[in-house]
Amino acid sequence: MSYVPNTDADRAAMLEAIGVRNAADLFRDVPEAVRFPELDLPAPVSELEVLRELKELSEYNVDLEHAPCFLGAGAYQHFVPSVVGHIISRSEFYTAYTPYQPEISQGTLQSIFEYQSMICALTGMDAANASHYDGATALAEAAVMAVNVGRGKRRRVVVSAAVHPEYRAVVRTYTQGAGLVICGDDGNPFDLEALVELMDADTACVIVQNPSFLGYVQEPSTLRTLAKAAHDTGALLVISADPISLGLFAPPSEYGADIACGEGQALGGGLNFGGPYLGYFACREQYVHKMAGRIVGQTVDQRGERGFVLTLSAREQHIRREKASSNICSNEALMALAAAVYLTALGKSGLRKVAELCYHKAHYAAQRLATLPGYELHGQGTFFHEFPLHCPRPVQEINDYLLNEWGIIGGYDLGRNYPELANVMLVCVTEVTTQDEIDTLVEALQDIEEAL
Amino acid sequence: MKEPLIYEISSPGRIGVTLPELDVEPAPLPQDLMREDLPLPEVSEVDLVRHYVRLSQLNHGVDKGFYPLGSCTMKYNPKVNEDAARLPGFVHTHPYQDPCTVQANLFVLFHLQAFLQEISGFDRVSLQPAAGAHGELAGVLMMRAYHESRGDHARKRMLIPDSAHGTNPASTTMAGYETTEIVSDARGNVNPDALREHCDETVAGLMLTNPNTLGLFDEHVLQIAELVHGCGGLLYGDGANLNAIMGVVKPADLGFDVMHFNLHKTFSTPHGGGGPGAGPVGANERLAPFLPGPVVVRERVEDDEAADEDVYRYLLCMPESSIGRLKAFYGNFGVCLKAYTYIRMLGADGLREASENAVLNANYLLSRLKDTYPLPYDRTCMHEFVLSGHLADAPDVHTIDIAKRLMDFGFHPPTVYFPLIVDEALMIEPTETESKETLDAFAEAMIQIAQEAREHPELLHSAPHATPVSRLDEVRAARDKVLHCLKG
Amino acid sequence: MVKYAEDRRYMPSHEWAKLEGEEAVAGISDYAQDELSDVVYVELPAVGEEFAKGETFAVVESVKAASDVYMPMTGEILAVNTELEDSPQLVNEDPFGAGWFIRFRPSDPEEYQALLDAKAYEKHCQEEAERGG
């Protein structure tokens with residue numbers, strides 16, 4: 001089965017028109033010695049067989065429909081309204097490609113324009129692009145953009161240690177050939193103001209995450225101090241923000257951010273074992289020409305009708321080539337569509353309600369867990385839907401027990417990335433977690449002490 | 001035929017979906033952190049659905065009709081792949097779950113790595129990059145890391161053919177290299193003499209697309225590999241055109257050291273209106289240690305009882321000298337699962353059939369059009385070919401006009417104005433999933449348009465006529481910069 | 001008909017410079033704006049920045065291209081044409097007048113003589129057009 005509609009008769013007619021005896025003759029330019037190798041692949045199966053195989057295979061997983069889960073750390077289990085799946089399954093959306101020919105792509109173009117509008121609404125920024133691959137690459141592109149804004153003369157990027165460890169790794173991977181200095185993230189993840197000391201005239205940008213990887217929402221005064229320090233030295237402030245939290249809290253624009261970016265998976269994307277996800281990206285008006293990625297703009301057609309097109313394309317790789325600031329071509333358009341449908345389905349009041357549910361349930365969980373002997377909240381401040389919980393034994397031990405004895409997936413082991421946070425579990429609670437599940441978690445943790 | 005913006009349909013107080021009531025005691029909200037306004041739409045579910053359904057109907061997709069975008073491989077997206085990717089056991093898994101709870105996911109990724117290795121001849125594959133350009137960046141960074149690891153700091157530039165996709169030089173710049181352009185010869189190959197002149201110890205490597213963006217298999221590919229390797233450089237393969245050669249030749253056998261794949265092109269995963277895609281990268285033995293990670297490996301599980309087959313435990317690990325992570329978590333798992341399903345259904349024979357038919361379809365379409373449109377390179381093409389829209393007897397008609405007029409016939413236009421080395425380029429890639437009737441209908445439309453160009457050029461200049469909107473003012477879009485619809 | 005203003009000198013890469021005492025003004029030629037077609041954006045430097053002759057000091061964008069603009073003479077930027085932000089089309093409408101890019105202080109006025117005069121520049125453009133580029 002190769003989805004080739006043509007029959008042997010069709011092929012014979014085509015071969016005759018071309019003037020070749022058989023299809024293999026079309027490959028004469030391929031060096032003979034290496035032509036037509038045998039491929040050692042499993043024998044092909046039918047549709048019925050492959051679905052059966054995959055379904056059986058998938059049952060080896062412990063999935064979140066069968067196990068309560070307290071993992072967050074950059075990927076979040078949220079309720080995805082049914083409409084999202086139905087809309088993005090419409091093949092007019094998913095079998096289209098990049099809207100290079102706008103007249104027959106208004107569906108894609110307008111939905112992306114609406115997505116851009118909603119991202120601006122969430123972040124308070126003036127312009128958003130059509131997406132990056134994920135929150136981490138969006139952040140890397142923010143660093144690269146800040147360097148470009150400084151015309152390449154500023155080579156220093158200051159990063160908070162409270163930014164997601166994998167995001168920081170990606171910033172380093174992306175910029176490893178660019179001769180930049182990436183610094184600041186060996187510091188205390190709870191002390192953002194210390195980053196001020198690191199800013200100088202060579203700094204292109206300072207990057208923080210809000211809520212931080214550890215779950216805490218920054219004090220407005222802290223963010224404003226950072227913004228002022230950055231702007232005083234001529235650097236940009238980049239804030240990576242969880243989009244659900246923006247249903248409740250003041251957006252990055254309030255704190256002087258020049259670039260707001262982050263992971264949009266929570267907006268109707270589902271967990272999907274880490275991808276495809278969605279990097280949202282937005283900036284202030286004066287930086288629009290330095291923003292990478294596809295951008296949709298409004299215009300009119302020859303009849304004066306409103307329409308939408310890809311715009312400001314001269315910045316992009318297909319035109320600017322080696323002078324382009326980014327190489328991005330395909331992005332995560334369908335995930336952006338999912339996000340737009342999600343934000344519309346929830347709407348102004350719904351997104352706020354989701355955020356509140358997360359907030360209250362997480363606080364309930366924290367309060368109940370803190371009553372357990374040996375468990376206490378690590379650090380201070382306001383958190384959103386995740387909090388670091390200091391445990392009386394290694395997190396891995398606890399998680400093994402929770403899984404094997406209770407069928408519960410425990411939180412993230414912060415000791416993996418922060419040596420000073422050994423035995424600290426990052427516990428995440430979202431609107432899908434019930435009180436029952438939280439109470440059961442508490443019961444299970446009580447149980448451990450007795451069992452072990 | 002205008003569809004209102006979602007914000008224009010919005011009305012205060014309208015609700016989309018409902019949520020459960022809070023089941024715990026609320027905690028006090030931090031008043032100093034709260035936002036004042038949240039300008040999102042307020043729309044009922046029925047209005048939401050109608051809006052998006054109507055929007056979808058303004059689009060052309062592969063499921064609607066022919067979509068011969070050159071180098072994009074707009075082949076049919078099998079629906080079984082969509083169902084596979086939606087199996088709840090796969091979808092509802094968190095990337096940080098203990099590996100023992102997601103063995104099915106790791107199994108799929110491991111075997112997709114293995115399939116791609118077998119198809120390409122490379123030793124190792126990383127599935128982490130999320131798109132072709134992402135894979136390219138990986139490849140160029142890997143080349144850099146390789147040279148650095150050998151203490152070879154003299155390599156400063158990348159050689160790139162003049163026919164290359166813009167992502168090639170852009171990725172090169174991101175990695176800190178300069179671009180040196182290599183001209184093509186009169187037969188559309190990389191000019192080996194021009195290449196030889198540039199091959200020295202300052203060259204990190206050459207980025208080669210083969211078949212290239214002209215749809216031509218480079219007649220000197222083995223010699224090119226030798227020249228590049230001879231000066232200590234590496235050969236990067238842009239695998240965008242892999243659809244022409246599956247089961248025909250393994251890129252590693254041609255001398256490529258590293259190559260990216262496009263799962264959303266060659267391996268039938270849908271394009272999504274611009275993503276998500278996946279751009280895995282494969283490498284031979286000397287570059288494999290530098291792959292971006294993590295990758296999936298497996299170890300045999302020792303059992304007490306002898307089992308019939310080997311039992312494996314699947315794990316994630318970073319390659320030993322990895323260039324690092326290119327995104328958070330792993331690759332685009334959902335996309336990888338679709339490609340896995342596709343390869344399982346086709347098998348070796350099916351993949352070879354796909355490539356053979358892709359090339360057959362392209363050559364057939366070429367045979368039907370070469371007497372009507374200028375053909376800059378008169379050779380057997382691979383899965384795509386490039387014509388010029390510059391018709392001698394219709395000098396005022398441009399490729400853009402031909403493209404717009406094609407829409408009136410129900411076809412998505414080919415890629416236009418690329419590659420840059422052909423004036424008024426039209427890059428046509430039919431793919432293997434099109435029937436002869438479709439190819440004939442397209443050829444007839446193209447022939448009719450050429451005639452209209454001579455006799456009724458105004459039809460082309462004012463096209464498209466039968467689409468939801470007519471030609472759009474791109475200058476105004478760029479000057480006005482209306483990039484969102486929020487007030488204030 | 002492409003115009004070649006006689007009261008100034010040119011770079012082969014299509015920038016013009018006009019000496020005005022101790023200062024000079026620069027922009028792109030009529031030939032250049034014609035090639036570019038509709039200009040949608042001009043990225044200009046900051047006042048006070050210094051550039052060597054031949055260095056990129058600006059970028060001019062149309063819908064289908066983005067071109068680097070090179071300093072015709074070494075100098076320090078004294079003023080930039082802020083009108084171009086809201087009205088980039090001035091570059092197309094009046095490339096030698098209202099579409100100016102920068103006013104700068106040349107550090108070496110001798111560099112002016114090294115530029116092409118209108119006649120030589122016109123010849124250069126004709127040759128370029130014949131070559132197809």
Side-chain angles (χ1 to χ4, degrees), chain A residues 2 4-5 10 14 29 34 39 41 44 57-58 60-64 81 90-92 94-98 103-104 106-108 117 121 133 136 166 169 173 177 250 272-276 297-299 301-302 307 311 317-318 321-322 324 327 329-334 345 348 360 363-364 435, chain B residues 16-17 23-24 26-27 30 35 39-40 52 55-56 58-63 80 87 89 92-93 95 101 104 130-131 133 166 169-171 175-176 179 217 253 270-277 324-325 328-329 332-334 347-348 350 353-354 356-357 364 435-436 467 469-470 477 482 484:
Chain A
S2 56
V4 170
D10 293 323
M14 298 198 304
D29 287 333
V34 290
L39 294 183
L41 294 169
L57 185 60
S58 73
Y60 277 90
N61 282 347
V62 175
D63 70 72
L64 269 50
R90 292 186 69 81
S91 63
E92 297 91 333
Y94 80 80
T95 70
Y97 190 37
T98 304
E103 298 86 352
I104 49 177
Q106 288 299 294
T108 299
S117 305
Y133 311 131
E166 294 190 7
T173 307
N272 279 305
F273 197 55
Q298 183 177 308
T299 185
D301 75 355
Q302 286 173 348
T311 192
Q317 48 74 28
H318 58 290
R321 297 177 70 89
E322 69 271 11
N327 70 352
C329 186
S330 283
N331 39 76
E332 301 285 319
L334 200 67
K348 176 194 276 258
H360 293 307
H363 281 75
Y364 171 77
Q435 176 179 25
Chain B
V17 301
D23 55 355
V24 300
R35 72 182 295 154
L40 289 176
Y52 283 104
L55 279 183
S56 77
L58 300 176
N59 262 9
H60 183 96
V62 172
D63 275 10
V80 61
L87 286 168
H92 300 296
T93 49
T101 63
S171 304
T179 298
F217 194 93
D253 290 345
H271 287 73
R325 300 186 142 277
F329 313 118
N332 276 350
F333 174 72
E353 245 174 65
E356 258 190 34
N357 281 278
Y364 173 68
S435 67
K436 183 172 175 296
T467 51
V469 292
S470 61
V482 175
H484 66 76

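Bear in mind that the values here come from a model prediction, so they are computed numbers and not experimental data. A note on names: the letters A, B, ... follow the listed sequences, proteins ahead of strands, and every chain is numbered from 1.
With chain B as partner, the option from A/Asn61, A/Val34, A/Val62 having the largest number of non-hydrogen pairs under 4.5 angstrom is A/Asn61. With chain B as the partner, the residue from A/Thr299, A/Asp301, A/Asp63, A/Leu334 showing the most heavy-atom pairs under 4.5 Å is A/Asp301. Annotation: maximal heavy-atom pairing with chain A below 4.5 Å, among B/Gly275, B/Pro39, B/Gly16, occurs at B/Gly275. In terms of heavy-atom pairs under 4.5 Å with chain A, the best-connected choice from B/Ala104, B/Gly350, B/Gly277, B/Gly61 is B/Ala104. When each of B/Ala133, B/Ala354, B/Pro276 is checked for heavy-atom pairs under 4.5 Å with chain A, B/Pro276 comes out on top. Highest contact tally toward chain A, considering only B/Ser56, B/Ala328, B/Ala27, is held by B/Ser56 [criterion: heavy-atom pairs under 4.5 Å]. If you tally non-hydrogen atom pairs under 4.5 Å between each of B/Ala170, B/Gly347, B/Gly176 and chain A, the highest count goes to B/Ala170. Of the listed residues (B/Asp253, B/Asn59, B/Asn332), the one with the most heavy-atom contacts under 4.5 Å to chain A is B/Asn59. Comparing A/Ala169, A/Ser91, A/Gly297, A/Ala250 by how many heavy-atom pairs each has under 4.5 Å with chain B, the most go to A/Ala250. Counting heavy-atom pairs under 4.5 Å between each of A/Ala324, A/Ala121, A/Cys329, A/Gly307 and chain B puts A/Ala121 at the top.
Contact annotation for B/Asn357: only side-chain heavy atoms (C-beta onward) come within less than 4.5 Å of a heavy atom of chain A. For chain A, the nearby parts of B/Ser470 are the backbone and the side chain; heavy atoms of each come within less than 4.5 Å. At a 4.5 Å heavy-atom cutoff, the contact between B/Ala175 and chain A is made by backbone atoms alone. For A/Thr108, the parts lying near chain B are the backbone and the side chain together; criterion is any non-hydrogen pair under 4.5 Å.
A/Glu166 approaches B/Phe329 most closely through the heavy-atom pair OE1-N, 2.7 Å. Here the closest non-hydrogen pair linking B/Gly274 and A/Thr98 is CA-OG1, 3.8 Å. The minimum heavy-atom distance linking B/Glu353 with A/Val4 is given by the pair O-CG2, 4.4 Å. The minimum heavy-atom distance linking A/Pro5 with B/Ser435 is given by the pair CG-N, 3.6 Å. Considering every non-hydrogen atom in both A/Ala345 and A/Pro81, the closest pair reads CB-CG, 4.2 Å.
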Is there a side-chain hydrogen bond (donor to acceptor under 3.5 Å, both in side chains) between A/Ser330 and A/Tyr97 once you walk through the steps? CA-CA 9 Å; A/Ser330 283; A/Tyr97 190 37; 3.1 Å; yes

Report the C-alpha separation of A/Glu322 and B/Thr179 in whole Å, then their side-chain angles, then the decisive distance to 0.1 Å, and conclude whether the side-chain hydrogen bond (donor to acceptor under 3.5 Å, both in side chains) test is met. CA-CA 7 Å; A/Glu322 69 271 11; B/Thr179 298; 4.8 Å; no

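At distances below 3.5 Å, at least one donor-acceptor pair connects side-chain atoms of A/Thr95 with backbone N or O atoms of B/Asp63.
The side-chain hydrogen bond (donor to acceptor under 3.5 Å, both in side chains) search around A/Glu103 returns B/Lys404, not counting sequence neighbours.
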